[in-house]
> 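What follows is a single structure, and I will ask about it in a moment.
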Amino acid sequence: MIDVRLIREDPERVKAALGRRGVPAEDVDAIVRLDVEHRAALARAEQLRARVKSLSRDVGEARRRGDVEGAAGLADESRRAGEEERDAATRTDRLAIELRARLLTTPNLPADDAPDGAGPDDNVVRRTWWPGHDDGAPEPVPAPHQRVPHWDTGTALGILDMAGGARLAGSMFPLYRGEGARLLRALTSLALASHADMYEEIRPPTLVSTETMTSTGHLPKFADEAYHVERDDLWAIPTAEVPLTSMRRGEILDEAELPIRLMAVTQCFRREAGAAGRDTRGLLRVHEFEKVELFAYATPAQAAAVHTDILARAEGLLHALELPYRVVDLCAGDLGASAARTLDLEVYAPGVDRWLEVSSVSWFGDYQARRANVRYRPEAGGPPVLVHTLNGSALAWSRIWAAIVEWGRQEDGSVRLPGVLAPWLGADPVIRPR
RNA sequence: GGAGGGAUGGCAGAGCGGACGAAUGCGCGGCUCUUGAAAAGCCGUGGGGCUCCGGUCCCCGUGGGUUCGAAUCCCACUCCCUCCGCCA
């Protein structure tokens with residue numbers, strides 16, 4: 001949520017900022033009106049409430065004095081005020097609920113340095129990297145034997161069985177086999193090992209409550225995107241960001257413990273309801289995938305450095321895996337609803353000739369922290385302050401798997417895996433036909 | 001699934017329906033004493049909304065109810081703990 005006080009005090013600034021992502025100015029005006037009405041109703045309810053309390057005290061006092069009649073009269077008066085108060089409170093509550101509902105579906109303000117633009121076409125490529133880039137190599141040109149889609153190579157080698165996954169759960173649920181499954185496990189091991197210096201490893205639940213899903217902004221607006229277990233009212237997480245953001249929900253942290261850096265490997269579940277038919281082949285877009293997520297709670301002053309760190313770590317893994325990628329700065333119109341700034345990492349996959357998003361490194365400001373009510377006590381004194389939350393994948397394995405298989409494909413159809421995975425795959429990491 | 005017990009401030013833990021936002025202890029902060037530290041002593045220490053900045057209201061797991069008045073009584077729900085059953 002954005003701060004209602006900001007909307008109240010500077011609605012024009014909020015309109016301008018939200019306008020950059022396509023939110024109509026009327027939406028902001030509606031919130032301003034509701035806020036005014038709500039505060040008026042609140043003031044009235046509180047006045048009545050104060051009267052009831054004061055009269056009730058007088059009743060007690062009259063009774064102690066032995067003034068039975070006086071007490072009865074005061075009690076009557078208090079009862080009448082109480083009835084009025086109840087009406088006023090009901091009206092106040094209704095307005096508060098309406099106001100909160102609007103705020104919950106209002107997206108975050110884009111950061112000032114997020115590029116202008118309405119959609120994906122306006123995103124800005126900040127830089128591109130590929131192996132050999134440092135010594136001035138020309139752009140990598142894939143060899144013909146690398147121009148084979150991963151689903152063909154995966155099927156031929158018996159390491160990916162999309163039809164098998166479909167038999168179990170439907171299309172877009174991959175099933176990995178043998179060396180293909182082992183590759184996933186190696187990637188997770190590599191990532192967790194390389195972040196363990198700064199990030200605490202967490203293994204959270206992957207089914208979470210409605211409240212947990214609401215804290216990150218995935219509910220109420222994006223319920224269609226998530227799998228829901230109706231009987232127990234639990235949601236399958238679309239990313240580890242969801243449980244990690246709620247890990248310290250409702251707490252007041254000590255400034256000294258910030259930044260708190262966490263990482264988690266989890267399955268991620270996405271219905272992809274809005275993406276029917278797009279990029280659905282192979283591993284381009286799947287309903288379930290595995291991802292290592294980096295996450296941090298930080299003070300506002302620490303946030304920029306933490307954002308840089310997460311991005312650097314995600315890029316570091318791509319360097320280690322020798323995969324060409326580019327850094328894409330999401331424009332205001334393409335930002336996720338909760339994010340203020342997002343840098344995506346996209347890997348180039350030669351077999352499908354596409355750039356695939358494999359990480360999204362985001363800064364949320366206090367938008368999620370306000371929903372989750374996570375604050376810290378400043379060492380300098382003063383009231384608790386909302387933390388900032390940040391996160392980024394490092395990395396999402398399904399598409400990395402696809403890129404590794406496509407880049408690693410050799411002329412004989414075997415796949416050579418990145419040397420950095422040797423500790424988990426053995427000295428000669430080549431997947432050959434069985 | 002069954003039977004009990006519980007939920008109060010950073011933590012522990014009191015709290016006859018009437019000035020309780022809440023005793024006490026610990027922790028934390030400041031001060032005194034001390035070369036310094038410790039000990040001791042003194043003082044102070046929850047969060048939030050609205051505000052005409054004078055105040056005022058809300059929060060004792062959550063939501064209802066009773067009452068002139070609820071942390072305190074009643075109901076429902078959630079979560080936690082112990083034991084039993086089942087189980088990877």
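Throughout, a chain's letter reflects where its sequence line sits, starting with A, and its residues are numbered from 1. In this text, all values refer to a predicted model and were calculated from it rather than measured experimentally.
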> In whole Å, what separates the P atom of G30(B) from that of G9(B)?
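After rounding to an integer number of Å, I get 25 Å for this pair.
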> Can you tell me the distance, in whole Å, between the CZ atom of Arg375(A) and the P atom of G49(B)?
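These atoms are roughly 9 Å apart.
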> Does Arg8(A) place a side-chain N or O at less than 4.0 Å from the phosphate oxygens OP1/OP2 of C50(B)?
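So the side chain of Arg8(A) is within the cut-off, an N or O lying under 4.0 Å from OP1 or OP2 of C50(B).
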> Go through the structure and list residues passing side chain to side chain donor-acceptor pair (under 3.5 Å) with Asp122(A), not counting sequence neighbours.
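Asp122(A) satisfies side chain to side chain donor-acceptor pair (under 3.5 Å) with no residue once adjacent residues are dropped.
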> Whole-Å distance between C28(B) P and Glu255(A) CD?
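Those two atoms, CD and P, are 18 Å apart.
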> For C28(B), does OP1 or OP2 lie under 4.0 Å from any side-chain N or O of Arg377(A)?
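Indeed not, no polar side-chain atom of Arg377(A) lies that close.
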> Could you give the CG-to-P distance, from Leu42(A) to C59(B), as a whole number of Å?
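Spelled out: CG on Leu42(A) to P on C59(B) is 13 Å.
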> Any stems for RNA chain B, made of 3 or more Watson-Crick or G-U pairs in a row, each with both distances under 3.5 Å?
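Listed by first number, the stems are B:1-7 with B:78-84, B:10-12 with B:24-26, B:27-32 with B:40-45, B:46-50 with B:55-59, B:61-65 with B:73-77.
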> Could you run through nucleotides 66-71 of chain B and give me one letter per nucleotide, 5' to 3': B if any protein heavy atom sits under 4.0 Å from the base, S if only the sugar-phosphate is that close, - if neither?
S-BSS-
> Across the strands shown, which category fits Ala43(A) at heavy-atom distances under 4.0 angstrom: base, sugar-phosphate, nothing?
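The answer is nothing, as Ala43(A) stays clear of every strand by at least 4.0 Å.
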> When the C1' atoms of G6(B) and A12(B) are compared, how many Å lie between them, rounded to an integer?
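Each nucleotide's C1' atom is 15 Å from the other's.
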> Have a look at Gln47(A) and say if it touches a base, only the backbone sugar-phosphate, or nothing, with a 4.0 Å heavy-atom cut-off.
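Gln47(A): no heavy atom of the nucleic acid under 4.0 Å.
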> Would you mind reading off the distance between Lys53(A) atom NZ and G21(B) atom P, rounded to a whole angstrom?
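Rounded to whole Å, this separation is 6 Å.
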> If I pick the C1' atom on C57(B) and the same atom on G21(B), what distance separates them, to the nearest angstrom?
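It comes out at 13 Å once rounded to the nearest Å.
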> Looking only at atom C1', what distance separates C42(B) and C33(B), rounded to whole Å?
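Pairwise C1' distance, C42(B) against C33(B), rounds to 11 Å.
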> Assess whether a salt bridge exists between Arg271(A) and Glu225(A), defined as any Lys/Arg side-chain N lying under 4.0 Å from an Asp/Glu carboxylate O.
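Answer for the salt bridge query: no.
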> Kindly say whether Arg432(A) contributes a backbone atom to a donor-acceptor pair with the side chain of Ser414(A) at under 3.5 angstrom?
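Pair absent, no side-chain N/O of Ser414(A) close to backbone of Arg432(A).
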> Does Arg102(A) pair with Asp27(A) as a salt bridge, N-O distance under 4.0 Å?
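Between Asp27(A) and Arg102(A) there is no salt bridge, as every charged N stays at least 4.0 Å from the carboxylate O atoms.
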> Measure the distance from CD on Glu85(A) to P on C58(B) and round it to the nearest whole Å.
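From Glu85(A) CD to C58(B) P: 8 Å.
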> For Glu69(A), look at atom CD and say whether over 12 heavy atoms of other residues, nucleotides or ligands are found less than 6.0 Å away.
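At most 12 heavy atoms, drawn from other residues, nucleotides or ligands, come within 6.0 Å of this atom.
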> With a 4.0 Å cut-off, would you call Arg44(A) and Glu85(A) a salt bridge?
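The answer is no: the pair does not qualify as a salt bridge.
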> Choosing from G18(B), G49(B), G48(B), which nucleotide comes nearest the side chain of Pro384(A)?
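Selected nucleotide (nearest to the side chain): G48(B).
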> Using the C1' atoms only, state how far U32(B) lies from G47(B), rounded to an integer number of Å.
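Their C1' atoms lie roughly 32 Å apart.
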> Under the criterion side-chain contact (heavy atoms from CB on, under 4.5 Å), which of Thr153(A), Ile159(A), Leu183(A) is the partner of Val415(A)?
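Option passing the side-chain contact (heavy atoms from CB on, under 4.5 Å) with Val415(A): Thr153(A).
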> For G54(B), is chi within 90° of 0 (syn) or not (anti)?
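Base orientation relative to the sugar is syn.
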> Determine the interplanar angle of the Phe173(A) and His287(A) rings, folded into 0 to 90°, and report it as parallel if under 30°, tilted if 30 to 60°, perpendicular if over 60°.
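Tilted.
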> With a 4.0 Å cut-off on N to O distance, would you call Asp309(A) and Arg313(A) a salt bridge?
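Counted as a salt bridge, because a side-chain N and a carboxylate O are separated by less than 4.0 Å.
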> Mapping Asp58(A) and Arg5(A) onto RNA chain B by nearest heavy atom, which one lands closer to the 5' end?
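On the 5' side of the pair lies Asp58(A).
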> Using the C1' atom in both, what is the distance from G55(B) to G61(B), to the nearest Å?
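Between the two C1' atoms, the distance is 31 Å.
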> With rounding to the closest Å, how many angstrom separate the P atoms on A71(B) and A19(B)?
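About 11 Å, rounded to a whole number of Å.
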> Please report the closest heavy-atom contact between Trp363(A) and Ala303(A), naming both atoms and the distance.
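Nearest heavy atoms, Trp363(A) then Ala303(A): NE1-CB, 3.6 Å.
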> Mind checking if Arg51(A) touches a base, just sugar-phosphate, or nothing, with heavy atoms under 4.0 Å?
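Here Arg51(A) touches no strand at all.
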> Once you round it to whole Å, what is the distance between C1' of U51(B) and CD of Glu9(A)?
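Roughly 13 Å, once rounded to whole Å.
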> Can you tell me, in whole Å, how much space there is between the C1' of G54(B) and that of U45(B)?
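G54(B) and U45(B) have their C1' atoms separated by 26 Å.
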> Return the value, rounded to whole Å, for the distance between atom CG of Asp93(A) and atom C1' of G64(B).
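In whole Å, G64(B) C1' lies 13 Å from Asp93(A) CG.
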> Check Arg270(A) with Glu272(A), please: is the shortest side-chain N to carboxylate O separation under 4.0 Å?
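Salt bridge absent between Glu272(A) and Arg270(A).
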> Between C58(B) atom C1' and His38(A) atom NE2, what is the distance in whole Å?
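Nearest whole value for this atom pair: 11 Å.
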> Looking at Glu46(A) and G49(B), is any side-chain donor or acceptor paired with a base atom of the opposite kind under 3.5 Å?
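Such a pair is found, so the answer is yes.
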